[in-house]
Amino acid sequence: MAEMSAPVRYEDSCGPAELGLGISVSASMSWLPDNVLLEVLGFLSVRDLIRSGRVCKRWKRLVMDKTLWRYVDLTPYKLNSKILWHLVRHCIGTNLQTLKVKGLLNSVSKQEFLTPAVLQVIEKRYSSLEKLHLEETNLRSLSYECFPSSLKTLELFQCEIPLTWFRTSQSKNKSLPNLENLNLRNVSSFSDHLFQTICKLSSLKTLCLSGTYRVTDIGIQNAVPYLKGLQHLKLHDCNITNITLHLIGCHLKHLRSLALRNFGSLTDAGLSCLSDVKTLEKLWLNCCFRLSSNCIISVCGNLPFLSYLNLNGILFEGQGLEEIRKSLPNCRITNSVSDVDTMFKL
């Protein structure tokens, strides 16, 4: 993993300069108009962009242009609390909309680099921040209420959260009132109680749960009353049964896409519950190997807007797959035994 270090040379004028990454800056580039230089700078990584601001005064001004700081991906870099604090206070432009950070959870130190103070600075400085993506981050010292209220998308991959993630707030405003998209992957401590609470506090349109084995049918049952506006749902490797499909069919009437993977307990009885979700456009049934071709034909034939059906990992007897294709002529169907991952993205 790369580290951010100081450049080799720096000049105040726009003459020849050498960046620490081996980038030679010719004097001829000083004749380029600002809009062209901004296009060039837009191709640089975060580290290169920050170092470019040390070439000359003009480049320093251009590097802070708001168009260059809408999307910031820090996951390739090894960060500690000091570096992150400096970046959010002095380097990253205020027009930030998406921030991706990778922590030290799997490192030897396991340092907690994301603190309430850093999140407070992020909220005050970046009022346009809509998406926060965290990987391998220890969040045990943080409460849910520490996250910027402007967030519309929160992604946590292999993060640790406390069982008391939701603490009593003195604020009259609910936490993350703008949150629409929640994506959790391998967050082992995410439980039914946390699931119900976060759904109650938000108005989710997209929900992706992968490897959250503590989420059960009971958690789904308690959460669905708060998911009336949900449009996209992905459940992978969760501890659920046909009961969840019954709840989806009864409550999630505006669902446009549903992705199920490694749902070994799903049977024809559960799939039949989706017949009433008439808004479904895309359906993933990866490795749901207990389903019959007759049931798939019956259910999907009643979904007028279905345009994509993923049956990867399912082996059908006889002409089962061909019969499905014939019954759904306007639907693109995939069936790879190797189960190539074609899951939808946020």
Side-chain angles (χ1 to χ4, degrees), residues 1-10 17-25 37-55 59-60 62-115 117-119 121-122 125-126 128-139 142 147-148 151-161 181 183-187 208 210-211 341 343 345-346:
M1 186 178 293
E3 294 186 1
M4 294 185 178
S5 57
V8 175
R9 290 176 55 196
Y10 166 75
E18 183 76 18
L19 297 183
L21 299 172
I23 302 175
S24 296
V25 183
L37 277 177
L38 283 174
E39 289 289 333
V40 175
L41 292 172
F43 288 98
L44 299 182
S45 66
V46 174
R47 181 177 63 176
D48 295 6
L49 192 59
I50 292 174
R51 289 181 171 183
S52 297
R54 299 168 182 169
V55 172
W59 279 42
K60 181 179 181 180
L62 291 175
V63 162
M64 294 310 297
D65 189 273
K66 62 181 182 180
T67 60
L68 299 176
W69 296 102
R70 292 172 180 167
Y71 176 90
V72 173
D73 185 2
L74 298 175
T75 56
Y77 309 110
K78 185 178 180 179
L79 303 176
N80 56 38
S81 57
K82 183 178 180 180
I83 294 176
L84 183 60
W85 177 265
H86 178 75
L87 289 174
V88 299
R89 292 268 299 183
H90 305 291
C91 298
I92 299 176
T94 57
N95 199 48
L96 182 66
Q97 296 178 6
T98 297
L99 177 63
K100 301 180 68 175
V101 182
K102 187 174 183 178
L104 304 171
L105 190 59
N106 293 331
S107 66
V108 176
S109 62
K110 294 186 177 181
Q111 181 183 4
E112 296 182 9
F113 75 102
L114 193 63
T115 64
V118 171
L119 287 174
V121 171
I122 289 176
R125 181 172 169 82
Y126 307 113
S128 299
L129 182 64
E130 296 184 350
K131 180 177 180 178
L132 179 62
H133 172 101
L134 300 176
E135 298 180 16
E136 300 176 15
T137 304
N138 188 349
L139 304 175
L142 302 173
F147 290 94
L151 289 183
K152 291 185 177 180
T153 299
L154 177 62
E155 297 181 345
L156 304 179
F157 292 2
Q158 291 183 283
C159 295
E160 289 188 0
I161 60 176
N181 311 302
N183 189 351
L184 303 182
R185 181 184 300 174
N186 297 329
V187 181
C208 302
S210 178
D341 188 3
M343 297 179 291
K345 298 179 180 181
L346 284 174

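Excluded from the calculations below are hydrogen atoms, water molecules and symmetry mates; all remaining heavy atoms, backbone and side chain alike, are included. Note that the coordinates shown come from a computational prediction; the quantities given were computed from them, not determined experimentally.
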Novice: Yes or no on side chain to side chain contact (heavy atoms under 4.5 Å, CB included) for Val63 and Trp69, after CA distance, side-chain angles and deciding distance?
Specialist: CA-CA 9 Å; Val63 162; Trp69 296 102; 4.1 Å; yes

Novice: If you take all heavy atoms of Cys159 and Leu134, which pair is closest and at what distance?
Specialist: SG-O, 3.4 Å

Novice: Taking the side chain as everything from C-beta on, heavy atoms only, tell me whether Leu74 gets closer than 4.5 Å to Val72.
Specialist: yes

Novice: What's the separation between atom CD in Glu136 and atom OG1 in Thr75, rounded to the nearest 0.5 Å?
Specialist: 10.0 Å

Novice: Find the distance between CG (Leu129) and CZ (Phe147) and round it off to the nearest 0.5 Å.
Specialist: 11.0 Å

Novice: Can you measure from CD1 (Ile83) to CH2 (Trp85) and round to the nearest 0.5 angstrom?
Specialist: 15.0 Å

Novice: Report yes or no: does Arg125 contribute a side-chain atom to a donor-acceptor pair with the main-chain N or O of Ile92 at less than 3.5 Å?
Specialist: yes

Novice: Please report the interatomic distance CD(Gln97) to NZ(Lys152), rounded to the nearest 0.5 Å.
Specialist: 9.5 Å

Novice: Which pair of heavy atoms, one from Gly103 and one from Thr137, lies closest together, and at what distance?
Specialist: N-OG1, 3.6 Å

Novice: So do the side chains of Leu87 and Ile50 get within less than 4.5 Å of each other, counting heavy atoms only?
Specialist: yes

Novice: Rounded to the nearest 0.5 Å, what's the gap from CG on Asn186 to CD on Glu135? Could you check?
Specialist: 11.5 Å

Novice: Taking all non-hydrogen atoms of both residues into account, name the closest pair between Tyr77 and Val46 and its distance.
Specialist: OH-N, 3.6 Å

Novice: Got His133 and Thr153 here, is their nearest side-chain heavy-atom distance under 4.5 Å?
Specialist: no

Novice: Let's go through Leu104 and Lys78 carefully: what are the C-alpha distance in whole Å and the side-chain angles of both, what is the deciding distance for side chain to side chain contact (heavy atoms under 4.5 Å, CB included) to 0.1 Å, and is it a yes or a no?
Specialist: CA-CA 8 Å; Leu104 304 171; Lys78 185 178 180 179; 4.3 Å; yes

Novice: Between Tyr126 and Leu99, is there a donor-acceptor pair closer than 3.5 Å when you use the side chain of the first and the backbone of the second?
Specialist: no

Novice: Using 0.5 Å steps for rounding, measure from the CE atom of Met64 to the SG atom of Cys91.
Specialist: 8.0 Å

Novice: Considering all heavy atoms of both residues, which atom of Leu156 and which atom of Ile161 are nearest to each other, and what is their separation?
Specialist: CD1-CG2, 4.3 Å

Novice: What pair of heavy atoms forms the shortest contact from Leu68 to Leu62, and how long is it?
Specialist: CD1-O, 3.5 Å

Novice: Can you check side chain to side chain contact (heavy atoms under 4.5 Å, CB included) on Thr98 and Glu130, steps first, answer last?
Specialist: CA-CA 6 Å; Thr98 297; Glu130 296 184 350; over 6 Å; no

Novice: Evaluate the criterion side chain to side chain contact (heavy atoms under 4.5 Å, CB included) for residue pair Phe157 and Lys102; output intermediate values, then yes/no.
Specialist: CA-CA 9 Å; Phe157 292 2; Lys102 187 174 183 178; over 6 Å; no

Novice: Within a reach of under 6.0 Å around NZ of Lys100, are more than 12 heavy atoms found that belong to other residues, nucleotides or ligands?
Specialist: yes

